[in-house]
Amino acid sequence: MKLITAIVKPARVDDIKVALQSNGIHGMTVSEASGFGRQKGHTEIYRGAEYVVDLIPKVRIEVLVDDADLNRILDLVVNTANSGAIGDGKVWVIPVETVVRVRTNERGSDAL
Amino acid sequence: MKLITAIVKPARVDDIKVALQSNGIHGMTVSEASGFGRQKGHTEIYRGAEYVVDLIPKVRIEVLVDDADLNRILDLVVNTANSGAIGDGKVWVIPVETVVRVRTNERGSDAL
Amino acid sequence: MKLITAIVKPARVDDIKVALQSNGIHGMTVSEASGFGRQKGHTEIYRGAEYVVDLIPKVRIEVLVDDADLNRILDLVVNTANSGAIGDGKVWVIPVETVVRVRTNERGSDAL
Amino acid sequence: MSGINTGDTAWVLMSGALVLFMTPGLAIFYGGMVRAKSTLNMMMMSFAAIGVTTIIWVIYGYSIVFGKDTGSGIIGNLDHIGLNNTIDQVVGGEGHTIPTLAFVMFQLTFAIITVALLSGAIADRAKYSSWVIFVGVWITLVYAPIAHWAFAGQGGTGGWIIDKLGALDFAGGTVVEINSGAAALALAIVLGKREGFKRDPMRPHNMPLVLLGAGMLWFGWFGFNAGSALGASGLAATAMINTQVATAGAAMSWLVYEKIKGGKATTLGVASGAIAGAVAITPACGYVTPLGALAIGLVGGAVSAWAVSRKYKFNYDDSLDVVGVHGFGGIVGMIAIGLIGTKAVNELGGNGLFVSGSPSLLTKQVIAILATAAYSFTATFIIAKVIQKTIGFRVRRDVELEGLDTTTHAESAYDINPFTSR
Amino acid sequence: MSGINTGDTAWVLMSGALVLFMTPGLAIFYGGMVRAKSTLNMMMMSFAAIGVTTIIWVIYGYSIVFGKDTGSGIIGNLDHIGLNNTIDQVVGGEGHTIPTLAFVMFQLTFAIITVALLSGAIADRAKYSSWVIFVGVWITLVYAPIAHWAFAGQGGTGGWIIDKLGALDFAGGTVVEINSGAAALALAIVLGKREGFKRDPMRPHNMPLVLLGAGMLWFGWFGFNAGSALGASGLAATAMINTQVATAGAAMSWLVYEKIKGGKATTLGVASGAIAGAVAITPACGYVTPLGALAIGLVGGAVSAWAVSRKYKFNYDDSLDVVGVHGFGGIVGMIAIGLIGTKAVNELGGNGLFVSGSPSLLTKQVIAILATAAYSFTATFIIAKVIQKTIGFRVRRDVELEGLDTTTHAESAYDINPFTSR
Amino acid sequence: MSGINTGDTAWVLMSGALVLFMTPGLAIFYGGMVRAKSTLNMMMMSFAAIGVTTIIWVIYGYSIVFGKDTGSGIIGNLDHIGLNNTIDQVVGGEGHTIPTLAFVMFQLTFAIITVALLSGAIADRAKYSSWVIFVGVWITLVYAPIAHWAFAGQGGTGGWIIDKLGALDFAGGTVVEINSGAAALALAIVLGKREGFKRDPMRPHNMPLVLLGAGMLWFGWFGFNAGSALGASGLAATAMINTQVATAGAAMSWLVYEKIKGGKATTLGVASGAIAGAVAITPACGYVTPLGALAIGLVGGAVSAWAVSRKYKFNYDDSLDVVGVHGFGGIVGMIAIGLIGTKAVNELGGNGLFVSGSPSLLTKQVIAILATAAYSFTATFIIAKVIQKTIGFRVRRDVELEGLDTTTHAESAYDINPFTSR
Ligand SMILES: Nc1ncnc2c1ncn2[C@@H]1O[C@H](COP(=O)(O)OP(=O)(O)O)[C@@H](O)[C@H]1O
Ligand SMILES: Nc1ncnc2c1ncn2[C@@H]1O[C@H](COP(=O)(O)OP(=O)(O)O)[C@@H](O)[C@H]1O
Ligand SMILES: Nc1ncnc2c1ncn2[C@@H]1O[C@H](COP(=O)(O)OP(=O)(O)O)[C@@H](O)[C@H]1O
């Protein structure tokens, strides 16, 4: 079992959700994040003084997948998130030892 | 060392906190998240048009535990979070290579 | 490839950002969190009744690093976050199997 | 209508606008005080109060309150159905007449805010449709008679409190404050406690809104109290300074009460204190001196600060403390007239116990308090019970837990992240 | 200036303040209704409306609206450039004169809010500098003539709508409401739809602000309508109660409309309904009875509730529904005068079709509606097109997507996390 | 009290309510401008200003300001302790008398807002109990004498600025604006800089609140300035339109200043500009023409826009720019009278340098400015130092870093997540 974590632009979340659903993945977890990288932030002005807001808003998407689905879903997420512009984000994969569905206490693949 | 990540209903956080404390776990990290899965979201109306808010608010709870405590604490979290209703959430376990307590620079179990 | 996750005090984020940049790390992801541990929360009063807000605001910082950089960056983060006071936070390290830069589909070290 | 006094009219028109403004102010005050998941519902209760009460007032409400008494001092007649016979009419003393419709408007705003106040007792758990119906029934069966009793002076043949008993209530200590306090208690009992009462803090989700609402109420209260002089007179000026003094005094005395009790000076305390002071001076503002008003404010703030904690003791969930602030505040003010009222301020007023040495006025005040509280509590209890038993007055548990905004109004109050909102 | 009536003057001064307060109220109302990323820009559009309009008004605006008609009933002359010849002058009927500058101030506030209303049609996508210029041009070329037509009564030789046609418009159904509705439609068409129109919900980001804004507008509207009596008269009282009744009625009828359509009673609906009712009664408040006002409110609320959904059908993005609420509301009010207007309320008014049996007044009302709408739409369309083609009127797509607050004003509306904000 | 003019009284009563409303408006304005962690404390400082000042005013404040001068033009006597001898009294010229208590109320609201303004200079770091004490001391030792000097005209034997020097200050350019600016500077210096001053942006946490507050202040300012005519007169109308013109002009000139400096038109700039314009016209509104007011607004806005940046240069942390906006704005207005004041507007006024060619009035204005600023700065500095040295005036560093809301008031401003709040 793997956990795919994708840090992407907020505007991409809807598309990714739809793409996952039409590819048989029926769950994901979303949270707010912000980050810096190559992309520059925006400048705000307060009493004439400029300051840079350099943490750019992003969204974190997490999807648990079976090992067999990993490559397909990873590509799906990456491709859907891609806009070709700087700041498109990062995706990474982490090994997961156990997954539990709280409601039923099912474990492993059944818990997805 | 393992990291238990639990995506649960916001109303369950207090109970889980108490359960952990009375089981010798004296730390956890909480953050906001939302997700979709089997549970449906709610409908809002704007100027007569309905739209579905399908990302349902959840809370992410993270607990670092010693390998020896893993099963006990995993079951504890799962059981406490369980309400039997759809949307109860997911819990997963990830291997952790190092843990550091920032204040003291202690590593490993001592850092918990 | 490793993922360093640091739960630190909000006031430390700027320093960590600067420290990372001047050590050749040009990206990180930040999100809000709160936690409990040894540090006590604050007390609020509502209609004469006191209640403890015991989840203390923290910030989660995540940094992807090459295996070779791990120890150096881990120490850097820990040292910069350290104020010597209770509640300074925790840092942990998780193995990462793949990293992808969304914009270019580069993988591994190139994606950082 | 050439005879009207334009200065008096200007002031009463303005006062009507000011008092109307209090109800949106109350919506903000109450809306900030509940949890974020039911804040729109809280505000919507006030807006329904405006809508329903206004329509009723025009159709028959004004008439049954201010129409000629039907004989026993209980209720007015139907002469002004549909505001019949009010256009081009005037009210007021010689040289100080104002258009009747200005008076109609002014009094309407009192009815609106009185019923809106009740919503604070049943925050986060009332069925909205039942509330809308309740407003109409309550205005008709509870507000209208009590307003007739205390406001409809008709030269001795009008409402029984004002014309027969002769108790003094300048701007609504009975009609608005004690009435809302007693009715709030009845509603809180019938609807029962919120899920998590006493367990969860249920603290205000947006304190700046609460302070803003308090500011709007304070501002509007000048229309409420000084407008009740029904003219731009010296009495209006007295009522205004008294209102200011008591309100400020009570804000400070609540704060001091908190400090003495070993706590912190809270924002909610200062805001609540201000309202409690304005409440306490409401009946008395035209009958006492500014120093008297200061005393009323200081006492009123402390009494209400003490009273709001009673709900935890007696275990009723008067969620936003209508009983403690309005009920007790109103009682303080009514009693104060019986103690320190003085004709030196207003020859149409009376001398209280400490001025004349006679308890006669005080006795009348107590009777007015008891009659108002008893009738309001009983009638409201029955109305609420009937609604509860028939169409239901409380939402289902899961609806309450999720919050009334999304479930009842299909809206949520905020979506303030500029990057994720669409 | 010893002859002025201080009571009338007090009321007009107060009314000027009340109507000015409506524009910050509108900023709050509109600001809460857009998405968080452009809320400051939305509010800034209202504040620019205040700034630019005030300066123009003093320099030449007042003069071309209320200066002596230049001959054809189209526009006033330049006698009062720089408010020349207004200090120490009075306006008004015998025994009821007020200082001319009080009238100048009162009328200024109408011009301000009218142009501010238009910003609702082009939320989230207008270039701010172009908006500032638009305000100045529009006040001069569109507002000024129409205000002259309908407001500048000069004993038969003034504006053509009031003095020649003889249509009735008490407080600005044509000048403010239909004018802003028609101009809003033109603007919405010229600027085009927001990115994501119909796809994204684009729901209000802060509903308590919307309700607060509605409350401020409601309050200010008493100055707008009752102040238009230009004195503290019986007519002012009639206008005030009518305003209250129609506003409340429309809030309820929008709510009922939503329920009947199978939906929920929404907060946005009640707020919008209130505004629609106030709009509908604006032209009629001095010419109909309170029961008539109730009917106007009930109809106005339902009509506007229906009208706001038209934009999805006809596919123009009148973002905050200026057309549906102000355009249609204004039409309802103007027509209503032609149907139920009655001299029993105001002898300077007229009898509508249902009162006199004659369609003559109704015909005049329709002509006033059509002339106002046609001129306003056409002139605004041309002005907006010229701005679009020259300096541009719409921001770049990426600016719109990021939001106008950070891009245009280098600010963002909120930073409310107490722990991360510095 | 049959002789009072009801129209004048109506306007002064209303003005008192309007000016009182400014202080909650200021609380909102300031509260939105600080960081979220200390916003309640910021608002609580304004509410304490209302509470303490009101109590003092009634007990002795009014008397020492407006009581008969004790001889040297410095302070009034104690004849009106406890508002003794004010009920049933009147003030004002023949045919235009108003109840003394209306005047007492009106003047009280000036004292309140003046001291409340000071809180802006010491945002986020003052001990609340010390602030409460400071308010009482400052009203007594600083506000009261200065108000006596400039407001207590007693036919030549009253306050020295108005009765002996003969400088002109219509509505408080010295008493309110320059006084608050100078005192703010002293406070900022004594308390020292916030942690992170110049390093952290410390930007406003809730800009819609700031704009709302600005709107409330703008609205209330009509009472402040036009109410200072103490009647519904032509002069009041002049003062009102002048206020509107200067406020609007300054909002636009601040905006233009920002653009010229190469920046963006900011929301904070427009809001600050509006206040700066209202400040600048305050002393002058009854003495200049509307075109003169426009000039004052344009200059006042630009001067204040420039002045607020001085704090970074001279390194004092006047957190919310009381010095730049009120101090400098007030100076602009006072000087402007000496330049463009004209008796054509008000025969009780004076002709400035550009009108009469004589610098005599200008000289008086400069003396009034200097005397006010010098006394206010010095006395405030001493008071603040004494408080600092005895009970302390500044919170501990860790308290400041955590924020004053949770530490001092045990509350936090927001809890707006509907799902996690309980
Ligand atoms: N080393 C890193 N560790 C963690 N997150 C990172 C790292 N580098 C980038 N990110 C995240 O990815 C986002 C996009 O990175 P950026 O460099 O701007 O875009 P791109 O990778 O397309 O050039 C950042 O905002 C940040 O959240
Ligand atoms: N594949 C997944 N990857 C990541 N998170 C998931 C996944 N499936 C579900 N979740 C999270 O678990 C929550 C509950 O899932 P849901 O299917 O509604 O409940 P249940 O598992 O009890 O049927 C979701 O809201 C989401 O946050
Ligand atoms: N076992 C744990 N699992 C996850 N997070 C933890 C754990 N223990 C502590 N934390 C996080 O670290 C933060 C600091 O912990 P605390 O015990 O207060 O400080 P310290 O480790 O310096 O004594 C907590 O607020 C929490 O977010």
Side-chain angles (χ1 to χ4, degrees), chain B residues 1-8 10-35 57-67 69-70 73 77 92-112, chain C residues 1-13 15-16 29-41 51-62 65 67 70-97:
Chain B
M1 206 87 66
K2 306 292 175 191
L3 176 67
I4 302 177
T5 301
I7 308 294
V8 301
R12 290 283 150 181
V13 175
D14 276 341
D15 291 349
I16 294 175
K17 195 179 66 191
V18 171
L20 286 173
Q21 284 174 316
S22 54
N23 276 273
I25 302 293
H26 293 295
M28 72 177 192
T29 297
V30 176
S31 50
E32 291 180 14
S34 55
K58 302 281 169 190
V59 169
R60 172 205 312 275
I61 292 177
E62 286 163 307
V63 192
L64 293 163
V65 292
D66 267 334
D67 294 8
D69 290 334
L70 176 63
I73 301 303
V77 169
W92 63 79
V93 178
I94 286 172
V96 172
E97 298 189 349
T98 327
V99 175
V100 190
R101 182 193 307 279
V102 170
R103 177 164 49 89
T104 57
N105 209 355
E106 287 161 288
R107 310 261 161 154
S109 293
D110 293 343
L112 287 188
Chain C
M1 205 88 65
K2 306 290 176 192
L3 176 68
I4 302 177
T5 301
I7 308 293
V8 299
K9 292 188 170 165
R12 289 284 150 180
V13 174
D15 291 349
I16 294 176
T29 298
V30 177
S31 50
E32 291 180 14
S34 55
F36 83 88
R38 282 182 178 69
Q39 191 186 11
K40 291 275 156 301
Y51 59 100
V52 177
V53 178
D54 56 4
L55 288 176
I56 299 163
K58 301 282 169 192
V59 169
R60 171 205 313 275
I61 292 178
E62 286 163 307
V65 290
D67 293 11
L70 177 62
N71 286 333
R72 189 171 54 94
I73 302 303
L74 180 59
D75 287 347
L76 181 72
V77 169
V78 169
N79 292 338
T80 314
N82 184 293
S83 75
I86 244 181
D88 268 357
K90 297 265 186 281
V91 180
W92 62 79
V93 177
I94 286 174
V96 173
E97 299 190 348

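Here is the naming used below: chain letters follow the sequence lines, and residue numbers restart at 1 for every chain.
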Below 3.5 angstrom, are there any donor-acceptor pairs between chain B and chain C, and if so, which atoms and how far apart?
residue : atom : partner : partner atom : Å
B/K17   : NZ   : C/D54   : OD1          : 2.9
B/K17   : NZ   : C/D54   : OD2          : 2.9
B/M28   : N    : C/F36   : O            : 3.1
B/M28   : O    : C/F36   : N            : 3.1
B/V30   : N    : C/S34   : O            : 2.5
B/V30   : O    : C/S34   : N            : 2.7
B/S31   : OG   : C/R60   : NH2          : 3.3
B/E62   : OE1  : C/R60   : NH1          : 3.0
B/E62   : OE1  : C/R60   : NH2          : 2.7
B/E62   : OE2  : C/R60   : NH1          : 3.1
B/E97   : N    : C/V93   : O            : 2.7
B/E97   : OE1  : C/K2    : NZ           : 3.0
B/E97   : OE2  : C/K2    : NZ           : 2.8
B/T98   : O    : C/V93   : N            : 3.0
B/V100  : N    : C/V91   : O            : 2.7
B/V100  : O    : C/V91   : N            : 2.9
B/V102  : N    : C/G89   : O            : 3.0
B/V102  : O    : C/N82   : ND2          : 2.7
B/R103  : O    : C/N82   : ND2          : 2.9
B/R107  : NH2  : C/D75   : OD1          : 3.0
B/A111  : O    : C/K90   : NZ           : 3.1

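Residues that satisfy the side chain to side chain contact (heavy atoms under 4.5 Å, CB included) test with C/A6, not counting sequence neighbours, are C/V8, C/I61, C/V77, C/V91.
Closest of all the heavy-atom pairs between C/P95 and B/P95 is CD-O, 3.5 Å.
If you measure heavy-atom distances from C/L3 to chain B, you find no contacts under 4.5 Å at all. For B/L20, no part lies under 4.5 angstrom from a heavy atom of chain C. With a 4.5 angstrom heavy-atom cutoff, C/I94 touches chain B via backbone and side-chain atoms both.
When each of C/G37, C/G89, C/G35 is checked for heavy-atom pairs under 4.5 Å with chain B, C/G89 comes out on top.
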